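On a predicted model such as this, the values are computed, not experimentally measured, just so you know.
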Amino acid sequence: ELTISMNENFKELFERSSDGIIVCDNKFLECNKTILDMLGYDNKEQFLNLHPGEISPEFQPDGQSSIEKSNSLMQECMETGFVEFEWVHKKSTGENFWFHIALNKIKFNINDAIFLRLRDFNKEKILLSELEKEKNDALSFLDFLPVGIARNDTAGEMNNEINHHFTEMLGWESTDIETMDKWFANAYPDESYRKEVIDIWTSKIEEAKLNGNPYSTPYEVKVACKDGSYKWCQAIYYGHKNYMYGIFINITDRKLIEEENILANTEMVLAKERIKREQELNEKYQLLDFINQNVPGMLYQFEVDSDGQWQ
């Protein structure tokens, strides 16, 4: 537990800190000029003796009362010695402002108190919020596309981001395939085929990067659905910023038609060969019959085995 006394050396460090600093028990006991500037207060007289909840919006973004939550966090700090969290304070102008806050239990003028270090987190939080909105907007748009799409970051985490058609087509929910490893294990249960698909996927990523394209050439895979059935898909890799997209187009009907055509062609070839053999046999029997009817003498028929011996 740190003991703080407001001597000249400490006051200088206190005031020169780029972070906002407050000492409080249940009310603000001391602060530096940085926090006054951050929150738009002209002097300490306006600021001291306020409660943290009084310079906060009525509710925090998680829906909790600012006064109740700040009391709970200060109590936790008194019990554990340290607490760290993000918080929205309200400037004197009424504007909300994000801070990253660390609380330390200290001794201040021999009494228990809390040392608050407040770091400006507003720009980062706004940027993160914009990125989250951009991500959600992108995912909302993807839900309108008639293809299955799964998005994962470059570390291989799926991030629970699959569009509606992906689940509709294959049955897998985001919780079933939280990582790339889980996806490959579920979608390609046969180990040897799974390895083959992973090798293809890896080569497609390298191919796209080598060619300077964000997307790969398509390839065909047989994907296991959650209900145990299988679907043939045309898969495409697409890379954008820090994300990789797997795009899956259902080609099962086309593959079935192709297989039926192959089967039909095979049966046609076999039928033609059968007809040809029958024609050859007919011609042979016709020749024998002609000889039998028109050539005087006796007619013998011999068969020759594979060694060339008469039988």
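- Connection of Ile21 to Ile101 is not established within any shared hydrophobic cluster, with ILVMFWY side chains joined at heavy-atom distances below 4.5 Å, either directly or through further cluster members.
- Of all non-hydrogen atoms in Asp19 and Asn32, the two that sit nearest each other are O-ND2, 3.0 Å.
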Point to revise | Step-by-step side chain to side chain contact (heavy atoms under 4.5 Å, CB included) determination, Ile149 to Phe166 | key: CA-CA 6 Å; Ile149 299 176; Phe166 185 96; 5.9 Å; no
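- Looking only at distances, a side-chain donor or acceptor of Asn122 sits under 3.5 Å from a matching main-chain atom of Trp98.
- Inter-residue side-chain proximity for Leu73 and Glu76 is flagged as met; some heavy-atom pair is nearer than 4.5 Å.
- No donor-acceptor pair closer than 3.5 Å links the side chain of Ser216 to the backbone N or O of Ala208.
- Minimum interatomic distance between Ser17 and Thr34 (heavy atoms only, all atoms of both residues): O-OG1, 2.7 Å.
- Side chains of Glu86 and Glu124 form no contact here, defined as non-hydrogen atoms less than 4.5 Å apart.
- Counted by atom type alone, Gln60 and Asp62 present zero donor-acceptor pairs between their side chains at under 3.5 Å.
- At least one side-chain heavy atom of Tyr193 sits under 4.5 Å from a side-chain heavy atom of Val221.
- Heavy atoms of other residues, nucleotides or ligands lying less than 6.0 angstrom from NZ of Lys209 number 12 at most.
- Considering only residues two or more places apart in sequence or on other chains, Tyr238 meets the ring-ring contact (aromatic ring centres under 6.0 Å, His included) condition with Tyr245.
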Point to revise | Lys90/Asn96 under side chain to side chain contact (heavy atoms under 4.5 Å, CB included): CA gap, chis, key distance, verdict | key: CA-CA 4 Å; Lys90 185 168 62 176; Asn96 288 341; 4.1 Å; yes
**Study point:** Stepwise salt bridge (Lys or Arg N to Asp or Glu O under 4.0 Å) test for Glu54 and Lys27
**Key:** CA-CA 10 Å; Glu54 294 182 88; Lys27 303 282 186 179; 3.5 Å; yes
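- A heavy-atom distance below 4.5 Å is found between the side chains of Lys204 and Thr217.
- Not one N or O on the side chain of Asp112 forms a donor-acceptor pair closer than 3.5 Å with the backbone of Lys105.
- Annotation: side chain of Met74 is in contact with side chain of Cys24 (closest heavy-atom distance under 4.5 Å).
- Under the ring-ring contact (aromatic ring centres under 6.0 Å, His included) criterion, Tyr215 pairs with no residue at all, not counting sequence neighbours.
- Looking at residues two or more places apart in sequence or on another chain, you find a ring-ring contact (aromatic ring centres under 6.0 Å, His included) between Phe97 and Phe99.
- The closest side-chain donor-acceptor pair between Thr179 and Asp181, if any, does not fall under 3.5 angstrom.
- A donor-acceptor pair under 3.5 Å is absent between the side-chain atoms of Asn71 and the main chain of Glu68, judged by distance alone.
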Check your understanding: side chain to side chain contact (heavy atoms under 4.5 Å, CB included) between Asp176 and Lys182: does it pass, once the steps are laid out?
Key -> CA-CA 7 Å; Asp176 299 319; Lys182 286 185 178 180; over 6 Å; no
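- Residues Ile35 and Phe115 do not share a hydrophobic cluster, defined by chaining ILVMFWY side chains whose heavy atoms lie under 4.5 Å apart.
- With Phe248 as reference, Trp183 is the one residue of Trp201, Trp183, Trp172 to meet the ring-ring contact (aromatic ring centres under 6.0 Å, His included) rule.
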